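Quick caveat, the model's predicted, so the values are computed rather than measured.
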Amino acid sequence: SALLEAVKREGAGLDRFRVVLRAVRAWARARGVYSHALGYLGGVSWAVMGAWPCMRAPREAAGSDERLLEHFFKTFATWPWPQAAVCLSC
């Protein structure tokens, strides 16, 4: 997919992206906020949100899965909602 190609080309790498995405999806399911049918974000939305910081993380944040996951949560905890998270290179 275009999203995976963009993460591979510009981001922290596919393996790191997959680890972060699995962790984020597990977090969302554990809190009951993973379901497009219930009005929450679904799989594609979580994937785009996971790709965004993977593609834009500073080098020190992209150095490990843990730091990249921390960067994900810091990014979206301070995100200027309702501004969309868009991957323009996808």
Side-chain angles (χ1 to χ4, degrees):
S1 83
L3 181 64
L4 293 177
E5 287 300 316
V7 169
K8 185 166 53 171
R9 184 178 59 249
E10 300 175 26
L14 289 180
D15 292 337
R16 190 144 286 147
F17 166 68
R18 287 181 178 123
V19 168
V20 168
L21 185 56
R22 280 188 206 110
V24 168
R25 285 179 172 172
W27 173 87
R29 283 186 183 108
R31 283 152 186 80
V33 294
Y34 184 99
S35 175
H36 184 76
L38 296 176
Y40 297 109
L41 298 176
V44 173
S45 300
W46 285 114
V48 170
M49 284 181 66
W52 201 95
C54 284
M55 293 169 53
R56 290 168 175 78
R59 185 175 296 270
E60 61 274 3
S64 74
D65 297 339
E66 293 81 11
R67 283 191 262 155
L68 196 54
L69 189 59
E70 178 183 3
H71 180 68
F72 170 89
F73 283 107
K74 283 182 178 179
T75 296
F76 290 110
T78 59
W79 191 261
W81 301 107
Q83 178 181 331
V86 178
C87 293
L88 296 176
S89 26
C90 300

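- With sequence neighbours excluded, no residue satisfies side-chain hydrogen bond (donor to acceptor under 3.5 Å, both in side chains) with Lys8.
- Of all heavy-atom pairs between Cys54 and Leu68, the closest is SG-CD2, 3.6 Å.
- When atom types are taken as modelled, the side chain of Arg67 and the backbone of Glu60 share a donor-acceptor pair closer than 3.5 angstrom.
- A heavy-atom distance below 4.5 Å is found between the side chains of Asp15 and Arg18.
- Here the shortest heavy-atom pairing between Ala6 and Met55 reads CB-CE, 3.9 Å.
- Distance check: Leu14 CG to Leu21 CG gives 11.5 Å after rounding to the nearest 0.5 Å.
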Exercise answer: donor-acceptor pairs, residues 30-53 side-chain atoms, under 3.5 Å, sequence neighbours excluded:
residue : atom : partner : partner atom : Å
Arg31   : NH1  : Trp27   : O            : 3.2
Ser35   : OG   : Leu38   : N            : 3.3
Trp46   : NE1  : Leu41   : O            : 3.2
Trp52   : NE1  : Val86   : O            : 3.3

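- Using a 4.0 Å cut-off between charged nitrogen and carboxylate oxygen, Lys74 and Glu70 count as a salt-bridge pair.
- Side-chain contact between Asp65 and Leu69 is absent, with no heavy atoms from C-beta onward closer than 4.5 Å.
- In the hydrophobic clustering of ILVMFWY residues, with side-chain heavy atoms under 4.5 Å counting as a link, Val19 and Leu3 come out apart.
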